[in-house]
Visitor: 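Attaching a single structure in C-alpha cells format; questions to follow.
In what follows, chains carry the letters A, B, and so on, assigned in the order in which the sequence lines appear, proteins first and then strands, with residues in each chain numbered from 1. Here the structure is a predicted model, which is why all the values come from computation and not from measurement.
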Amino acid sequence: NAGVTQTPKFQVLKTGQSMTLQCAQDMNHNSMYWYRQDPGMGLRLIYYSASEGTTDKGEVPNGYNVSRLNKREFSLRLESAAPSQTSVYFCASSGQGRYGYTFGSGTRLTVV
Amino acid sequence: DQQVKQNSPSLSVQEGRISILNCDYTNSMFDYFLWYKKYPAEGPTFLISISSIKDKNEDGRFTVFLNKSAKHLSLHIVPSQPGDSAVYFCPSFGNEKLTFGTGTRLTIIP
C-alpha cells in the first residue's frame, strides 16, 4: 500500500545542473500535482495534470517542466537549477478532487 | 495574490484545552474548505472539510466552522492531545486545485 512514492528523498545540486524528480502513484488516480514548500510561503502549486496526457501551470511554474508519462507517473524537471529552487517538493494525486489528495513524503532539494 | 491566509504562524496550547486555528479567505467562489495536517518530513494529510453551503462540520475532536459573511474559517480541536502537534493548513478547493495558505504550527504542551 505505497500510495504516492517520490524519488529521490534528498538531493544536492550545483547551480546550472539539471535533474528530474520522480513521482508515482498506485491508486489509479486521474489527477497529479507538484507543490513546493518554502518557509513562510506554505505549499505552492507548480504544475498539475488533471488527467493522463494533460498538464497545466500552477502558481509558480517558471524554471520547471513536467511530464505525465502515464496515469501512474508524473515527473518534474529542473533544466538549469537555481538557488531559488531550494525547497521541499511534494507530489500529490487525487481521484476525488477536494479531499482525495494523497501526498508523497517529499523531496528535499538544495541548490548550491 | 494569496487567496487563503493564516495570520498566526504558531500557536501553543496546554494538553486537554481547546486549540483554535483560523483562516481568512478572499475568494468567495471556493466550493469547499479543507484542513490538512502535516508532520515534519511527511506530506500533508487530509483532516476535515466543510462545504461552502454549510457553517459547521464535526468529526470527533475536530470541528470546522465557516463564517461566510466574514470570510473566516476556523478549526477547533477539543481536547488537544500531544499528537496534534503539527502544522495545519487550510487549503481551499476550486477549479480542481488545492490552494494552500502558509500554515499554523500548533504545539501541544504536556
Visitor: By a 4.5 Å heavy-atom criterion (distance strictly below it), what part of A:Gln6 contacts chain B: side chain, backbone, both, or neither?
Guide: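 Looking at A:Gln6, nothing touches chain B.
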Visitor: Let me know if A:Leu45 has heavy atoms under 4.5 Å from chain B in its side chain, its backbone, both or neither.
Guide: side chain
Visitor: State whether the number of non-hydrogen atoms from other residues, nucleotides or ligands found under 6.0 Å of B:Arg105 atom CZ is greater than 12.
Guide: no
Visitor: Sort out for me which residue in A:Tyr101, A:Phe90, A:Tyr35 forms a ring pair (Phe, Tyr, Trp, His ring centres under 6.0 Å) with B:Phe100.
Guide: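 With B:Phe100 as partner, A:Tyr101, A:Phe90, A:Tyr35 yield a single ring pair (Phe, Tyr, Trp, His ring centres under 6.0 Å), made by A:Tyr35.
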Visitor: Under a single-linkage definition using a 4.5 Å side-chain heavy-atom cutoff for Ile, Leu, Val, Met, Phe, Trp and Tyr, are A:Val88 and B:Leu98 assigned to the same hydrophobic cluster?
Guide: yes
Visitor: How about NZ on B:Lys68, more than 12 heavy atoms from neighbouring residues, nucleotides or ligands closer than 6.0 Å, or not?
Guide: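 Correct, the count exceeds 12.
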Visitor: Once you round to the nearest 0.5 Å, how far does CD of A:Glu59 lie from OG1 of B:Thr99?
Guide: 7.0 Å
Visitor: Around A:Arg44, counting heavy atoms of other residues, nucleotides and ligands shown, do more than 12 lie under 6.0 Å from its CZ?
Guide: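 Yes, enclosed.
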Visitor: Within this structure, what is the CZ-CD distance for the pair A:Phe103 and B:Glu42, rounded to the nearest 0.5 Å?
Guide: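 One finds 13.0 Å between CZ of A:Phe103 and CD of B:Glu42.
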Visitor: In the single-linkage hydrophobic clustering (I, L, V, M, F, W, Y; side-chain heavy atoms under 4.5 Å), do A:Met32 and A:Tyr89 co-cluster?
Guide: yes
Visitor: What part of B:Pro44 is in contact with chain A, defined as an atom under 4.5 angstrom from a non-hydrogen atom: side chain, backbone, both or neither?
Guide: both
Visitor: Answer yes or no: does atom CZ of B:Arg17 have more than 12 heavy-atom neighbours from other residues, nucleotides or ligands under 6.0 Å?
Guide: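 No, CZ of B:Arg17 has 12 or fewer neighbouring heavy atoms, counting only those of other groups under 6.0 Å.
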Visitor: Let me confirm one number: the OG1-CG distance from B:Thr102 to A:Leu43, rounded to the nearest 0.5 Å.
Guide: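 Rounded to the nearest 0.5 Å, the OG1-CG separation comes out at 10.5 Å.
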